[in-house]
Protein chains: 2
Amino acid sequence: MARASSSTALDAFDHAILRILQKDNTTPQRTIGEAVNLSAPAVQRRIKRLEETGVIEANVAVVNPAKVGQPLTIFVEVEVISETAELIDLAKTEFSAAPEIQQCYYVTGEADFMLVIVVPTMTAYEALARRLFFGNNNVKKFRTFVAMDRVKVGLAVPCEI
Amino acid sequence: MARASSSTALDAFDHAILRILQKDNTTPQRTIGEAVNLSAPAVQRRIKRLEETGVIEANVAVVNPAKVGQPLTIFVEVEVISETAELIDLAKTEFSAAPEIQQCYYVTGEADFMLVIVVPTMTAYEALARRLFFGNNNVKKFRTFVAMDRVKVGLAVPCEI
DNA sequence: GCAATATTGCAAGTTTGTTTCGTGAGATCC
DNA sequence: GGATCTCACGAAACAAACTTGCAATATTGC
């Protein structure tokens with residue numbers, strides 16, 4: 001069996017490998033190979049290709065925020081006044097620069113940005129809000145949601161086939 | 001220099017190691033050791049401890065959803081009718097079971113759940129919404145935000161000290 | 001059906017992770 | 001104050017995993 005296409009298309013082997021790596025990227029290539037019926041070097045080459053083509057964006061350790069002194073996870077919906085490209089890009093840059101902001105998405109709907117923020121205390125969040133939201137003339141309003149329970153956390157992606 | 005406490009407290013070495021692993025957990029322990037001024041075995045023991053104590057929850061490959069045929073990221077704010085423990089737990093279970101739901105948080109504020117969903121098409125999202133939201137008698141309302149830009153995505157946690 | 005290309009498996013070589021052992025620093029108890 | 005205990009460290013040996021070259025095989029395009 002060979003790859004579906006020579007370019008960047010993913011075949012069933014790739015999906016199977018990704019499924020494993022998304023759960024545990026310390027799984028030995030030999031073990032992966034046994035699971036997907038491929039030799040270890042073949043698995044290695046496919047992983048390398050997946051990394052080079054950007055399918056695998058990073059290999060990271062997932063840390064429990066509460067256990068490193070950052071027990072508060074907060075969602076923020078931000079609505080801006082003007083949606084000119086310059087102002088949106090400015091906001092993106094500012095939000096990206098803040099280490100407390102774990103995730104930042106530019107969205108359509110009743111808000112313009114969705115933020116996921118991790119902070120040690122409510123005081124820290126208030127300081128951040130004062131700086132990023134009250135201190136930004138283009139922020140019309142923002143709504144805060146404090147997480148009480150991390151029911152499910154993942155960047156893993158459901159893989160079909 | 002010694003560890004701050006014998007139990008589960010993290011010292012500066014641990015934080016330095018975590019900072020590296022959060023960016024790239026394939027970094028060789030020798031390299032980490034050089035960066036933090038520790039031997040490779042010392043690094044290895046600390047990583048093992050961090051994993052055993054749950055500070056490191058997982059080691060995963062981060063996949064680009066768009067490149068595996070899941071180009072749509074959607075935020076959903078869900079408001080429920082009754083917040084009894086049973087009904088909340090039921091909702092948590094249902095949301096956790098859906099592979100499309102990447103992240104699920106139970107929050108305080110004007111909504112009760114914040115969801116981050118990854119799907120291939122809008123049609124797939126509509127089907128999911130019909131099943132999970134319209135098909136759940138306890139869902140009062142939900143608001144959908146479609147992500148146009150993944151400005152910043154991470155589960156990495158800002159480490160102090 | 002044939003040539004060109006791509007992918008595989010095997011085996012050797014290299015890097016990395018892991019274990020063992022002895023040492024030294026700090027804490028505790030007498 | 002001194003002995004002892006615990007813990008973490010580093011150096012070296014060991015084991016495991018990753019990586020690469022090569023020949024063979026499968027697939028794609030013509």
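First the proteins, then the strands, lettered A, B, ... as listed; each starts at 1. The basis for the numbers below is simple: all heavy atoms, side chains too, and nothing from hydrogens, waters or symmetry mates.
Atom CD1 of B:I47 and atom C1' of C:dT18 are 12 Å apart (whole Å). A:R49 places its CZ atom 16 Å from the P atom of C:dT5, with the value rounded to the nearest Å. Per the geometry, CD1 belonging to B:I17 stands 13 Å off P belonging to D:dA8, to the nearest Å. Between the CD atom of B:E34 and the P atom of D:dA11 there is a distance of 12 Å, given to the nearest Å. Distance, B:D11 CG to D:dA8 P: 10 Å, rounded to whole Å. As rounded to whole Å, 15 Å separates atom C1' of C:dT16 from atom CG of A:N25. Following rounding to the nearest Å, B:R30 (CZ) and D:dC18 (C1') show an atom-to-atom distance of 13 Å. Taking atom CD of A:Q44 as the reference point, atom C1' of D:dA16 lies 15 Å away to the nearest angstrom.
Note: A:F113 and A:F95 have perpendicular aromatic rings, judged against thresholds of 30 and 60 degrees for the angle between ring planes.
Between A:Q29 and D:dT19 there is a side-chain N or O to OP1 or OP2 distance below 4.0 Å. For C:dT18, the OP1/OP2 oxygens have no side-chain nitrogen or oxygen of B:R45 closer than 4.0 Å. When the side-chain nitrogen and oxygen atoms of B:R46 are compared with OP1 and OP2 of D:dC9, one or more of them lie within a distance under 4.0 Å.
Among the atoms of the strands shown, base atoms are found under 4.0 Å from some heavy atom of A:P41.
Summary of the strand contacts: A:T31 and A:K48 both lie near DNA chain D, and taking for each the nucleotide with the nearest heavy atom, the more 5' one is attributed to A:T31.
Using modelled atom types, one finds no donor on one side chain facing an acceptor on the other under 3.5 Å when comparing A:Q70 with A:E100. In this model, a donor atom of one side chain and an acceptor atom of the other lie less than 3.5 Å apart for B:N25 and B:N59.
Formation of a donor-acceptor pair under 3.5 Å by the A:K152 side chain with backbone atoms of B:S96 is found in this model.
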